[in-house]
Number of protein chains: 2
Amino acid sequence: MIAILGGVTNIEPIHRGGRGARDRILRAAAELFARDGIHATGIARLTDVAHVSTRTLYQHFPSKDAIVAAYLRRFITETPVPAVAQLARDDLDPRARLLALFLEPAPPPDGVVRGCPFHNAAVETAGTMPEVAELVEQHKRTFTHRLAEVAAEAGARDPETLARQLALLFEGARALSTSLNDTRPVQDAHELAKTLIDQAITPSQRPG
Amino acid sequence: MIAILGGVTNIEPIHRGGRGARDRILRAAAELFARDGIHATGIARLTDVAHVSTRTLYQHFPSKDAIVAAYLRRFITETPVPAVAQLARDDLDPRARLLALFLEPAPPPDGVVRGCPFHNAAVETAGTMPEVAELVEQHKRTFTHRLAEVAAEAGARDPETLARQLALLFEGARALSTSLNDTRPVQDAHELAKTLIDQAITPSQRPG
DNA sequence: CTCCAAGTATAGCGATCATTTTACTTTCGA
DNA sequence: TCGAAAGTAAAATGATCGCTATACTTGGAG
């Protein structure tokens with residue numbers, strides 16, 4: 001049972017009293033884990049950026065692994081990855097929502113392009129954190145499922161197949177952008193997605 | 001100037017005398033970095049698997065970073081990533097070579113699917129190792145270039161575009177396989193690649 | 001006002017990191 | 001055969017890791 005008080009984002013069990021240390025920790029984690037990586041971000045750095053003492057941090061989380069898990073969970077329950085949030089926009093028709101996934105992301109301030117936080121976490125942890133691996137898998141599965149729903153809404157002949165294709169394209173765009181340190185692949189993915197979507201909606205026209 | 005003696009793989013400057021410590025180190029690196037990740041692999045573990053003393057390791061490489069760079073360089077100069085090696089097979093026609101990229105990889109012994117070593121290195125180092133970032137970018141660029149060559153050979157109307165699409169698909173297949181810990185996306189990529197290649201070769205048939 | 005949870009700062013824990021050092025042994029071509 | 005290079009084992013470097021412990025300060029509800 002989740003109480004929603006005022007307009008404040010408050011999903012996790014309410015930690016009574018106190019002034020938002022937990023929140024600052026998670027916002028610091030969102031910034032540092034995504035930008036510098038999980039291994040490269042130590043607890044000390046986390047407490048510095050969050051303006052939180054070590055003790056407070058460990059009163060909110062039992063371990064760093066738990067912070068990593070909470071960091072990912074937040075992208076699911078509270079602040080979705082921006083691209084994924086596009087799927088929920090009610091000012092766009094379904095086709096436009098699918099394409100909005102591939103809008104060019106803002107260039108990173110430090111010049112280093114970073115990919116999907118979930119995928120990055122999977123790469124960094126390499127199966128050593130079962131909870132993280134589980135969260136990543138779950139997220140990618142529900143993401144593909146959401147894609148299929150929107151694809152169906154858009155009138156795709158085979159929504160599941162289109163969804164898997166777009167998921168593939170999305171992951172490829174992010175990953176290749178990271179490898180090349182350039183967001184050009186997102187544009188390529190956008191164009192390819194457009195033709196795939198249109199082919200999947202328009203009745204088949206190929207010979208045979 | 002590089003001397004090629006006998007049939008032995010010997011590209012780096014010849015370290016006279018001695019019995020292959022350098023080689024064992026790099027083979028251990030290939031196994032451990034790829035499977036467990038770069039950060040998770042310590043020098044101690046590297047020396048254990050390579051059956052090499054710490055001192056010997058540091059007589060061959062100035063630092064761990066240098067080992068990481070050499071590990072990646074080896075995939076370029078000596079033992080290409082298996083999928084990339086498919087592009088060079090002379091028993092297949094160009095179209096089949098492009099498709100061979102997406103043959104299902106052998107399932108990992110430990111049950112943890114790992115993606116492209118170059119991409120993984122980019123994610124793990126997050127721009128903190130300039131030489132590594134440079135090697136990853138270079139590799140992805142030349143990979144796409146090779147794709148374009150084979151695409152041209154296969155008679156693609158626009159080889160560069162097809163190459164970028166296939167590169168996107170390849171990266172996506174590997175990355176999503178890592179995230180989902182399942183190689184299913186490689187099959188999806190295979191199917192999509194087939195239609196993309198055929199559409200790119202067959203004269204356009206779409207309305208307009 | 002007063003109490004207490006939530007917060008602060010900081011020192012220190014053992015473990016592990018990459019790297020260096022000391023001292024000794026093997027291999028092999030000249 | 002003999003000397004130098006390449007190898008070995010193992011201890012110690014200082015730094016940093018995640019995490020704990022000690023001692024003190026705040027802020028807001030009853």
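So that the names make sense, note that chain A is the first sequence line, chain B the second, and so on, each numbered from 1.
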In short, ring-ring contact (aromatic ring centres under 6.0 Å, His included) pairs touching residues 158-186 of chain B with sequence neighbours left out are B:Phe143-B:Phe170

Q. For A:Arg24, which contact category applies under a 4.0 Å heavy-atom criterion: base, sugar-phosphate, or nothing?
A. sugar-phosphate

The ring pair (Phe, Tyr, Trp, His ring centres under 6.0 Å) partners of B:His39 (sequence neighbours excluded) come to A:His39

Rounded to whole Å, the CD-P distance (B:Gln59 to C:dT19) equals 15 Å

Residue pairs meeting salt bridge (Lys or Arg N to Asp or Glu O under 4.0 Å), one or both in residues 164-184 of chain A, sequence neighbours left out, come to A:Lys140-A:Glu171, A:Arg164-B:Asp188, A:Arg184-A:Asp188

Q. Is the shortest side-chain N/O distance from B:His60 to OP1 or OP2 of D:dG7 below 4.0 Å?
A. yes

From CZ of B:Phe61 across to C1' of C:dT20 the rounded distance in Å is 18 Å

Tabulate protein N/O versus nucleotide N/O from nucleotides 21-25 of chain C, keeping only pairs under 3.5 Å, one per line.
{"from": "C:dT22", "atom 1": "O4", "to": "B:Arg55", "atom 2": "NE", "distance (Å)": "3.2"}

note: B:Arg22, atom CZ; D:dA5, atom P; distance rounded to Å ~ 18 Å

Please enumerate all protein N or O atoms sitting under 3.5 Å from an N or O of nucleotides 12-18 of chain D, with distances to 0.1 Å.
{"from": "D:dG18", "atom 1": "OP1", "to": "A:Lys64", "atom 2": "NZ", "distance (Å)": "2.6"}
{"from": "D:dG18", "atom 1": "OP2", "to": "A:Ile43", "atom 2": "N", "distance (Å)": "2.9"}

Item to check | Residues A:Glu149 and A:Arg146 bridged, charged N to O under 4.0 Å | outcome: yes

When every non-hydrogen atom of B:Pro159 is compared with those of B:Ala148, the smallest separation belongs to CB-O, 3.5 Å

> Under 4.0 Å between a Lys/Arg side-chain N and an Asp/Glu carboxylate O for A:Arg89 and A:Asp91?
Replying inline: yes

Exactly one candidate in B:His119, B:Arg141, B:His139, B:Glu137 meets side-chain hydrogen bond (donor to acceptor under 3.5 Å, both in side chains) with A:Ser179; the answer is B:His119

Donor-acceptor pairs under 3.5 Å, side chain of residues 27-38 of chain B to any protein atom, not counting sequence neighbours: which ones?
{"from": "B:Arg27", "atom 1": "NE", "to": "B:Asp23", "atom 2": "OD2", "distance (Å)": "3.2"}
{"from": "B:Asp36", "atom 1": "OD2", "to": "B:Arg45", "atom 2": "NH1", "distance (Å)": "3.4"}

